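Working notes, beginning with the structure itself.
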Amino acid sequence: MNPIQHGEVFVTEEGAETDLDLGHYERFTGVNARRSDNVTSGRIYSDLIAKERHGDYLGRTVQVIPHVTNLIKQFILNDTGDTDFVLCEIGGTVGDIEGLPFFEAIRQLGHHELRGRSVFVHLTLVPYLAAAKELKTKPTQHSVKELRSIGIQPHILLCRCERPIPASERKKIALFCNLDEDAVIEARDTDTIYRVPINYHKEGLDAQVLKCFGLPHEDEVDLAPWRAVVDAVTKPKGEVTIAVVGKYVTLTDAYKSLIESLDHAGIANRVKVNIKWVNSRHLDREKAEEELGDVAGILVPGGFGSGGAEGKIEAIRYARENRVPYFGICFGMQMAVIETARNVAGIADASSSEFGECHNPLVGLMTEWESSRGRELRSTSSDKGGTMRLGAYLCTLVKGTKAAKMYGEQEISERHRHRYEVNIHYKAQLEKAGMVFSGLSPDGVLPEIVELKDHPWFIGVQFHPEFKSRPFAPHPLFQGFVAAAVKKG
Ligand code: GLN
């Protein structure tokens with residue numbers, strides 16, 4: 001998935017690389033997604049072909065219907081245990097070629113296996129034409145028509161819009177789309193995404209869903225926790241600006257969980273966190289002061305490849321020398337180690353083997369490690385897809401370090417997605433240069449967290465803390481980083 005086209009790759013505890021929507025589900029429900037919660041056409045086809053080669057369909061013609069659709073239905077129904085409700089989202093847009101087998105599969109489910117026990121909620125767009133000063137219901141009507149042409153009549157519509165939908169337009173949508181007016185729910189843009197549950201309740205979405213299932217509903221729902229979050233977001237006591245230095249800054253969805261985590265940290269510190277996006281490809285020593293001179297914190301997020309890497313290293317040098325709070329995530333930690341190696345420890349040619357062969361690989365390819373699946377082996381010629389160090393791994397913190405103080409515990413677990421590691425063989429040299437290895441894998445070979453001794457807040461982590469931050473449980477490192485930025489002012 002190209003981060004600039006598709007947005008972030010969200011990683012689950014078990015190490016599944018998924019669509020960024022899974023991150024929203026985790027943040028909103030507080031429930032960790034599982035590997036079995038996300039599927040792609042590629043996965044379905046790959047499984048289908050493996051089954052066919054194995055002989056599972058001997059003597060039969062393998063087709064999209066029923067074989068692909070059966071696998072999709074199995075995926076939806078599989079592993080649901082004793083859950084009361086399964087929420088199943090089909091990404092994309094009705095009419096997309098890629099989506100057709102998925103729509104056919106849910107059509108069948110709704111009419112057969114789950115008859116009377118399923119509800120179709122369709123998300124549509126109600127655009128506002130500023131020049132004509134009117135809302136257009138046609139795209140919604142057409143989208144529903146398209147859905148009906150493949151056999152699905154939605155029970156509820158969620159209408160995305162910028163402006164309120166007047167009763168007359170709602171009536172029109174209901175009439176043309178075969179729905180009760182109450183089932184046409186306004187999904188208006190909000191000042192903060194965390195207001196959405198409150199607004200949906202006001203619009204009666206929960207009542208409609210329960211009504212469709214024939215279940216009773218209560219008018220009084222406890223939304224106080226959401227109200228408190230919205231309050232903290234909308235009435236901050238101050239603000240702070242953080243520079244995020246990366247190369248995917250043209251599509252900020254590439255950093256979705258990161259943005260949310262900074263917001264959560266803002267909630268915890270009661271400040272608004274503004275993000276200044278800095279394209280690392282255009283950053284060099286001369287431009288550093290101009291680009292970063294006015295920010296209270298600098299963050300280098302995850303990244304891949306040599307493009308823009310030197311710009312990131314410059315940003316890190318700037319943060320270290322000017323004592324600006326610095327937070328390096330994954331690639332941002334690796335580049336921080338290279339920066340200290342080059343500019344403090346005097347290893348001028350320090351680099352990462354991700355950028356090609358080098359004499360001093362401060363960051364190198366990991367070829368062997370233990371995971372929950374057993375011993376993992378990799379080489380430079382291994383398949384690249386799905387073979388990184390993925391998912392939750394334990395990390396042991398060193399007592400007395402900033403990291404240990406922030407977490408308030410000794411053993412933590414965080415999610416990973418990377419192929420390269422900081423090279424433990426340079427530990428002593430880096431320590432001499434003022435770097436502290438404050439978190440290591442339990443066997444002590446993989447550096448997980450580094451920090452700088454003589455700096456107000458300079459921390460790099462090999463994992464992705466942004467995947468675990470929640471509005472009701474902001475991540476301790478993001479909290480600490482934003483608190484340090486507030487202190488700097
Ligand atoms: N490219 C680096 C690696 O593969 C960092 C990956 C990341 O930042 N997620 O190790």
Side-chain angles (χ1 to χ4, degrees), residues 9 11 13 15 17 300-306 309 312-313 316 326-342 345 347 349-398 401 403 411-433 435-452 458-468 477:
V9 174
V11 181
E13 286 287 298
E17 296 174 284
V300 173
F304 291 83
S306 57
K312 292 175 190 175
I313 292 173
I316 298 166
Y326 173 73
F327 195 10
I329 295 179
C330 205
F331 198 70
M333 169 202 188
Q334 298 174 354
M335 294 308 107
V337 168
I338 291 175
E339 196 281 325
T340 289
R342 282 188 195 170
I347 312 172
D349 60 353
S351 186
S352 165
S353 51
E354 182 173 1
F355 311 149
E357 261 184 50
C358 55
H359 186 60
N360 273 308
L362 265 285
V363 178
L365 179 69
M366 186 179 28
T367 52
E368 204 176 333
W369 73 96
E370 288 296 333
S371 82
S372 54
R373 292 177 293 277
R375 182 144 285 258
E376 307 261 2
L377 292 172
R378 298 283 182 275
S379 74
T380 41
S381 58
S382 297
D383 282 352
K384 295 276 187 282
T387 63
M388 287 189 253
R389 180 151 83 107
L390 286 167
Y393 281 87
L394 292 176
C395 160
T396 309
L397 302 179
V398 177
T401 58
E411 179 115 308
I412 56 154
S413 166
E414 293 280 3
R415 298 186 197 174
H416 290 247
R417 182 173 186 258
H418 56 104
R419 201 177 299 285
Y420 299 86
E421 296 279 349
V422 169
N423 192 337
I424 192 84
H425 298 120
Y426 290 89
K427 186 166 177 261
Q429 264 170 290
L430 288 163
E431 279 172 346
K432 229 183 263 160
M435 195 160 251
V436 177
F437 285 67
S438 46
L440 292 159
S441 56
D443 61 4
V445 255
L446 302 174
E448 291 274 4
I449 311 179
V450 296
E451 48 190 74
L452 283 186
F458 187 110
I459 293 187
V461 295
Q462 186 55 75
F463 45 81
H464 289 275
E466 71 271 28
F467 294 142
K468 286 184 67 171
L477 291 180

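Treat the numbers as computed from the prediction; the structure is a model and nothing was measured.
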**Item:** All salt bridge (charged side-chain N to carboxylate O under 4.0 Å, His left out) counterparts of Glu354, not counting sequence neighbours
**Value:** none
**Request:** Please list, chain by chain and in numerical order, all residues satisfying salt bridge (charged side-chain N to carboxylate O under 4.0 Å, His left out) with Lys427, sequence neighbours excluded.
**Result:** Glu431
Quick check: do [X] and [Y] have side-chain heavy atoms less than 4.5 Å from each other?
| X | Y | result |
| --- | --- | --- |
| Thr340 | Leu452 | yes |
| Leu477 | Val461 | yes |
| Ile424 | Pro447 | yes |

**Request:** Can you see which heavy atom on Lys468 is nearest to which on Ser413, and at what distance?
**Result:** NZ-O, 2.8 Å
**Fill in**
Of all heavy-atom pairs linking Arg389 and Glu421, the shortest is NE-OE2, 2.8 Å
**Prompt:** If you count the non-hydrogen atoms of other residues, nucleotides and ligands that lie under 6.0 Å from CG in Asp383, is the total more than 12?
**Reply:** no
Measure the [atom1]-[atom2] distance between [X] and [Y] for me, rounded to the nearest 0.5 Å.
| X | Y | atom1 | atom2 | result |
| --- | --- | --- | --- | --- |
| Lys384 | Arg419 | NZ | CZ | 5.5 Å |
| Thr396 | Glu411 | OG1 | CD | 4.5 Å |
| Phe458 | Ile316 | CZ | CD1 | 6.0 Å |
| Ile449 | Glu451 | CD1 | CD | 7.5 Å |
| Ser352 | Leu362 | OG | CG | 9.0 Å |
| Tyr426 | Asn360 | OH | CG | 3.5 Å |

Using distance only, find each side-chain donor-acceptor pair of residues 329-339 under 3.5 Å and give its atom names and separation, not counting sequence neighbours.
residue: Gln334; atom: NE2; partner: Tyr420; partner atom: O; Å: 3.2
residue: Gln334; atom: NE2; partner: Gln462; partner atom: OE1; Å: 3.4
residue: Glu339; atom: OE1; partner: Arg320; partner atom: NE; Å: 2.8
residue: Glu339; atom: OE2; partner: Arg320; partner atom: NE; Å: 3.4
residue: Glu339; atom: OE2; partner: Arg320; partner atom: NH2; Å: 2.8
residue: Glu339; atom: OE2; partner: Asn343; partner atom: ND2; Å: 2.7

Verify, without hydrogens or angle tests, whether [X] (side chain) and [Y] (backbone) share a donor-acceptor contact under 3.5 angstrom.
| X | Y | result |
| --- | --- | --- |
| Arg415 | His464 | no |
| Asn423 | Gly364 | no |
| Arg417 | Val11 | no |
| Ser353 | Leu365 | yes |

**Item:** side-chain contact (heavy atoms from CB on, under 4.5 Å) between Glu448 and Glu414, intermediate numbers included
**Value:** CA-CA 10 Å; Glu448 291 274 4; Glu414 293 280 3; over 6 Å; no
